Trainee: 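For reference, the structure I am asking about is given below.
Each chain gets a letter, A, B and so on, in the order its sequence line appears, and its residues count up from 1. Bear in mind that the values here come from a model prediction, so they are computed numbers and not experimental data.
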2 protein chains.
Amino acid sequence: MPPCSGGHPHPAHSLKKQPSKPTIASRPGELTIDLVAAAAGVSTATVSRFFNSPERLRKSTAARVQEVVNRLGYVPNLLAGGLSSSRTRMVAAVIPTMSNSIFSSTIQAISDTLADQGYSVVLGLTGANDQHTERQILSIIGRRPDGIILTGAVPSANTRMKLKASGIPTIETWDLPQDPIDMAVGFSHEAVGRAIGEHILRGGGRRVFIVSAGGVRALARRYGVTKMLVENGVPEPAIATFPGITTFGDGRRAVAAHLDAGGRPDVIVCSSDWGAHGALDELRRRGIRVPADVAVLGFGDIAFAGELDPPLTTVKIDGQVIGENATKFLMKRARGQNVRHRVVDVGFELIVRASG
Amino acid sequence: MPPCSGGHPHPAHSLKKQPSKPTIASRPGELTIDLVAAAAGVSTATVSRFFNSPERLRKSTAARVQEVVNRLGYVPNLLAGGLSSSRTRMVAAVIPTMSNSIFSSTIQAISDTLADQGYSVVLGLTGANDQHTERQILSIIGRRPDGIILTGAVPSANTRMKLKASGIPTIETWDLPQDPIDMAVGFSHEAVGRAIGEHILRGGGRRVFIVSAGGVRALARRYGVTKMLVENGVPEPAIATFPGITTFGDGRRAVAAHLDAGGRPDVIVCSSDWGAHGALDELRRRGIRVPADVAVLGFGDIAFAGELDPPLTTVKIDGQVIGENATKFLMKRARGQNVRHRVVDVGFELIVRASG
DNA sequence: CTGTTAGCGCGTTCAT
DNA sequence: ATGAACGCGCTAACAG
């Protein structure tokens with residue numbers, strides 16, 4: 001290490017009291033709009049317009065700016081832009097986890113629709129049991145996104161208030177809350193449950209076994225199924241619950257345990273296709289035929305649900321449509337337009353295949 | 001609607017020329033640090049310190065600020081904070097897609113490790129074929145994150161330059177680039193291929209069929225396998241390639257087509273466990289025994305690889321460890337420390353199960 | 001331990 | 001069609 005590596009080693013003897021040799025907070029080399037403007041021989045406003053409303057520049061001016069921007073490799077600081085304009089071109093997506101999330105199609109659709117318009121997605125992962133929802137949402141509000149999309153996470157009353165107070169357009173998805181924070185795009189989980197119940201009734205099933213996740217959404221579906229069955233004289237289903245998403249292993253082990261304990265179901269309802277997949281697998285190993293001996297129903301219509309053996313009967317939710325609707329809401333709001341119908345029911349589809 | 005709802009309904013008759021009744025860019029109700037400071041009877045700096053270095057405040061002062069913050073529901077504007085401090089407390093994660101991505105464990109780990117420290121993750125989805133990598137990365141650079149983590153995406157030479165020029169710490173993951181942009185955490189795909197090749201040699205396989213994705217990583221693995229086999233007198237494998245991730249359906253159909261075309265492999269190597277899963281399924285339908293008639297190998301060790309029938313032999317990468325190492329790098333850099341070994345090989349593990 | 005003050009880089013009036 | 005100047009909300013010296 002050299003004893004003296006350049007710069008001003010002895011600032012102590014600087015003359016007088018320089019009123020403001022300002023502290024350099026940013027990296028020294030940082031390229032700013034002023035530098036670009038100077039290099040192009042225009043004002044900063046012109047460079048700003050070049051990026052935000054190029055149509056208002058004379059062609060020749062735009063070309064000149066373009067050239068300098070390319071040559072210098074200037075990338076506008078969106079932080080500063082956002083602070084100045086209070087439009088950050090960010091939307092926040094709050095989901096429980098990354099892993100085999102049923103919500104990935106929604107996030108993907110949001111990102112895809114918004115990327116063209118220069119928007120980015122900030123992720124808020126709350127954990128399977130929503131332990132960290134409040135913290136994540138606070139941190140997100142601090143970033144002042146142009147919109148917040150909640151999917152899967154169920155905010156506490158306190159958090160809901162903070163969201164409302166923030167004034168940030170908020171969209172709850174994958175559900176139809178009784179009292180929306182702001183806007184909502186989803187479907188009724190209870191209605192899904194009822195549809196499954198009706199399907200079971202049509203098939204004449206009577207000994208129903210439900211493998212379910214623990215959240216409020218899965219609970220609503222369970223409730224729909226059970227209500228429909230009980231109201232029609234079918235005995236109340238047996239239930240196994242798991243925290244978080246029902247996995248392949250969960251489905252397999254739940255079925256194994258139930259059978260080993262003497263259960264003889266004629267219908268197995270799983271709260272995810274993963275669980276149903278595991279159930280199918282366990283049944284096959286035991287030589288129990290599907291659907292001859294027992295029907296198996298899933299939820300989600302994952303990519304290969306139709307390619308399983310036998311193909312899986314399940315409920316399909318169009319996560320992409322949910323995402324697209326959510327961004328439509330956001331874009332409207334961004335344009336200052338008022339959204340009339342603040343709740344959209346995208347429905348669902350019971351896809352009957354060979355498994356039940 | 002009341003005809004006149006307060007405020008200054010007739011600003012036209014304001015006296016003289018107010019030098020600057022500044023335009024209100026932000027929402028009128030926006031709560032700022034100054035308002036909080038005033039309400040607490042302290043200076044803005046004190047409120048700032050309350051959030052960023054509370055230990056430097058007298059307990060009683062902190063309590064007073066705390067009370068006001070709670071009562072008013074103040075959430076600091078991280079945009080302004082980031083602009084001022086040039087630390088945004090954001091890290092960007094660039095990945096191809098959300099859906100059944102092998103990288104989700106890495107992103108999850110990054111988010112989990114960083115959430116405590118107030119960091120958020122911005123997502124850059126580039127598409128399966130990296131069409132939009134450049135645009136996404138530019139938009140990300142504009143947000144001045146404290147770090148950029150590249151996983152799966154393979155930036156063009158041009159984009160690599162922009163990343164370098166940006167001065168933002170950048171970590172390439174899930175690979176060991178010959179010429180890293182900055183830092184890297186990953187493993188050698190070619191080495192994985194060689195390990196698979198060795199495993200095949202040990203098992204005596206000679207008619208190998210490879211179902212592979214199209215990207216450069218999968219290509220490297222394929223190359224490793226092929227080289228190892230050919231160097232040891234095994235005929236060059238047959239190959240079927242698919243763009244993007246190899247899915248369940250891809251695996252199933254590739255195997256079906258290969259068999260229908262007269263292929264009689266004794267080893268099937270898939271570039272994802274999904275593909276291997278599909279292959280297993282197709283083989284079972286055709287009454288071909290695994291591993292007696294043909295061995296099946298996967299890649300990724302997805303959650304239920306060990307629960308398939310038969311359990312799947314595959315290569316396990318610890319995506320979580322990759323994510324943790326990446327954030328370690330970033331945190332070191334954030335503290336201004338220099339990172340000594342800028343490339344970490346996390347290795348991989350060949351997990352031999354019953355399928356081959 | 002606390003207050004004062006000068007920018008951070010940009011969008012946005014308001015002139016011209 | 002372009003320029004000048006202010007301030008978005010906050011952090012970081014520095015002074016006390």
Trainee: Map A:Ser60 and B:Leu78 onto DNA chain D by nearest heavy atom, then report which one ends up closer to the 5' terminus.
Mentor: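 Here A:Ser60 is the residue nearer the 5' end.
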Trainee: Do B:Leu35 and B:Glu30 have side chains that approach each other closer than 4.5 Å (heavy atoms only, starting at C-beta)?
Mentor: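 B:Leu35 vs B:Glu30: side chains apart.
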Trainee: Would you mind reading off the distance between B:Leu79 atom CG and C:dC10 atom C1', rounded to a whole angstrom?
Mentor: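 One finds 11 Å between C1' of C:dC10 and CG of B:Leu79, rounded.
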Trainee: From CZ of B:Phe51 over to P of D:dT11, roughly how many Å is that when rounded to an integer?
Mentor: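 Nearest whole value for this atom pair: 9 Å.
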Trainee: Remember a base hit wins even if backbone is also touched, and classify A:Val42 as base, sugar-phosphate or nothing at under 4.0 Å, heavy atoms.
Mentor: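 If one applies the 4.0 Å heavy-atom cut-off, A:Val42 turns out to touch the sugar-phosphate alone, with no base involved.
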Trainee: So, does A:Tyr74 get its side chain near the phosphate of C:dC10, meaning an N or O under 4.0 Å from OP1 or OP2?
Mentor: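 Looking at the OP1 and OP2 atoms of C:dC10, one of them is under 4.0 Å from a side-chain N or O of A:Tyr74.
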Trainee: Rounded to the nearest angstrom, tell me the gap between atom CZ in B:Arg89 and atom C1' in D:dG9.
Mentor: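 So the two atoms are 17 Å apart, to the nearest Å.
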Trainee: Between C:dG9, D:dT11, C:dT12, which nucleotide gets closest to the side-chain atoms of B:Leu83?
Mentor: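 My answer, after comparing the listed nucleotides, is C:dG9.
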Trainee: Is there a side-chain polar atom (N or O) of B:Thr46 under 4.0 Å from OP1 or OP2 of C:dG3?
Mentor: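 Checking B:Thr46 against C:dG3: at least one side-chain N or O falls below 4.0 Å of OP1 or OP2.
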Trainee: Does A:Ser43 make a side-chain N or O approach to OP1 or OP2 of D:dT2 shorter than 4.0 Å?
Mentor: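 No, no such contact exists.
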Trainee: Output the rounded distance in Å from CZ (A:Arg56) to P (D:dT2).
Mentor: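 That distance rounds to 11 Å.
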Trainee: Does A:Thr61 make a side-chain N or O approach to OP1 or OP2 of D:dT2 shorter than 4.0 Å?
Mentor: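 For A:Thr61, the contact criterion (side-chain N or O under 4.0 Å from OP1 or OP2 of D:dT2) is met.
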Trainee: Once you round it to whole Å, what is the distance between P of D:dT11 and CG of B:Asn77?
Mentor: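 Rounding to the nearest Å, CG of B:Asn77 and P of D:dT11 are 9 Å apart.
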Trainee: Quick check: do B:Ser111 and A:Gln136 have side-chain heavy atoms less than 4.5 Å from each other?
Mentor: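 A side-chain contact under 4.5 Å exists here.
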Trainee: Compare the minimum distances between each of C:dT12, C:dG9, D:dT11 and the side chain of B:Ser48, then state the nucleotide with the smallest one.
Mentor: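 When the side chain of B:Ser48 is considered, D:dT11 is the closest of C:dT12, C:dG9, D:dT11.
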Trainee: To the nearest angstrom, how far is B:Leu35 atom CG from D:dC8 atom P?
Mentor: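 To the nearest whole Å, that distance equals 11 Å.
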Trainee: Within the modelled atom types, does a donor on one side and an acceptor on the other bring the side chain of B:Ser84 and the base of C:dG7 under 3.5 Å apart?
Mentor: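 Such a pair exists between side chain and base.
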Trainee: Between P on C:dT5 and CD1 on B:Ile33, what's the gap in Å once rounded to a whole number?
Mentor: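 After rounding, the gap between these two atoms is 16 Å.
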Trainee: Over how many whole Å does the gap from B:Arg143 atom CZ to C:dC8 atom P extend?
Mentor: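 After rounding, the gap between these two atoms is 22 Å.
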Trainee: At under 4.0 Å between heavy atoms, what does A:Arg49 touch on the DNA or RNA strands: base, sugar-phosphate, or nothing?
Mentor: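 Base contact.
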Trainee: I want to check something: taking the side chain as every heavy atom from C-beta on, are A:Ile149 and A:Leu330 in contact at a cut-off of under 4.5 Å?
Mentor: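 Answer yes - side chains close enough.
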Trainee: Taking only side-chain N and O atoms of B:Asn52, does any of them lie within less than 4.0 angstrom of OP1 or OP2 on D:dT11?
Mentor: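 For D:dT11, OP1 or OP2 has a side-chain N or O of B:Asn52 closer than 4.0 Å.
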Trainee: When A:Asp182 is tested against each of A:Arg160, A:Lys164, A:Arg333 for salt bridge (charged side-chain N to carboxylate O under 4.0 Å, His left out), which residue passes?
Mentor: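 For A:Asp182, the salt bridge (charged side-chain N to carboxylate O under 4.0 Å, His left out) check succeeds only for A:Arg333.
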Trainee: Of B:Arg58 and A:Pro76, whose nearest nucleotide on DNA chain C comes first from the 5' end?
Mentor: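 It is B:Arg58 whose nearest nucleotide is closer to the 5' end.
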Trainee: Does A:Tyr74 have its ring centroid less than 6.0 Å away from the ring centroid of A:Phe50?
Mentor: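 No, the ring centres sit 6.0 Å or more apart.
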